[in-house]
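Notes to accompany the following structure.
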Amino acid sequence: MRNILGSSQSPEVLGRCPVCTSELTVQRLRCSSCNVALEGEFHLNPFNRLSSEQQRFVEIFLVARGNMSEVQKELGVSYPTVRARLEEIISQLGHEPASGEAALQAERLSTLQEVESGELGVEEALRRLANRE
């Protein structure tokens, strides 16, 4: 999977202070084409506040079109780890994580969709579903 995040030659913009982890703001923007500069206080979007690792996860998740099994394979981690990272990112973006029942419902639906698409065997699906009860 090609990493498009941070593929430019310029250094990546940090969203959090490396010393105290507070949110950073941008004070100057400059057009590299015409050299016009804007000065002021500009806020970064919520995705800039994610760590590089979290941004990579989001990219993998999107390229996999939300298929948790594909994300699991790409990252080489367990399904519960993928779920935990997703919940952490949702929370970091300022949204409430899914309630216990809503998360369980989403996991069941995801597992059934993977079986339907042929990406997951019935035995593995049954094992997953049994572990979630």
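Worth saying up front: this structure is predicted, and the values here are computed from it rather than measured. Below, all heavy atoms of this structure are taken into account, side chains as well, without hydrogens, waters or symmetry copies.
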Pairwise distance CZ(Arg56) to OG(Ser52) - rounded to 0.5 angstrom: 11.0 Å
Return the CD to CD1 distance between Gln55 and Ile60, rounded to the nearest 0.5 Å. 12.0 Å
Do Arg128 and Ser69 have side-chain atoms, one donor and one acceptor, less than 3.5 Å apart? yes
Only residue of Leu75, Ile90, Val58 satisfying side chain to side chain contact (heavy atoms under 4.5 Å, CB included) with Arg85 is Leu75
For Leu24 against Cys17, the heavy-atom pair lying closest together: CG-N, 3.6 Å
Shortest non-hydrogen contact between Gly121 and Val115, atoms and distance: O-CG2, 4.2 Å
Student check: side-chain heavy atoms of Arg30 and Asn35 closer than 4.5 Å: yes
Can you check whether Glu59 reaches Leu62 side chain to side chain, under 4.5 Å on heavy atoms? no
Contact between Leu29 and Val36 at the side-chain level, heavy atoms closer than 4.5 Å - yes or no? no
Answer yes or no: does atom CZ of Phe47 have more than 12 heavy-atom neighbours from other residues, nucleotides or ligands under 6.0 Å? no
For the residue pair Gln54 and Glu88, confirm or rule out a side-chain donor-acceptor distance under 3.5 Å. yes
Assigning hydrophobic clusters by single linkage (Ile, Leu, Val, Met, Phe, Trp, Tyr; side-chain heavy-atom cutoff under 4.5 Å), is Leu50 placed with Val77? yes
For Phe57 against Ile89, the heavy-atom pair lying closest together: CD2-CD1, 3.4 Å
Nearest heavy-atom approach of Arg28 to Ala37 is NH2-CB, 3.3 Å
Is it true that Glu123 and Arg127 have a side-chain N and a carboxylate O under 4.0 angstrom from each other? no
Mind checking the OG1-CG spacing from Thr81 to Leu86? Nearest 0.5 Å is all I need. 12.5 Å
So Phe61 and Met68, do their side chains get closer than 4.5 Å, heavy atoms only? yes
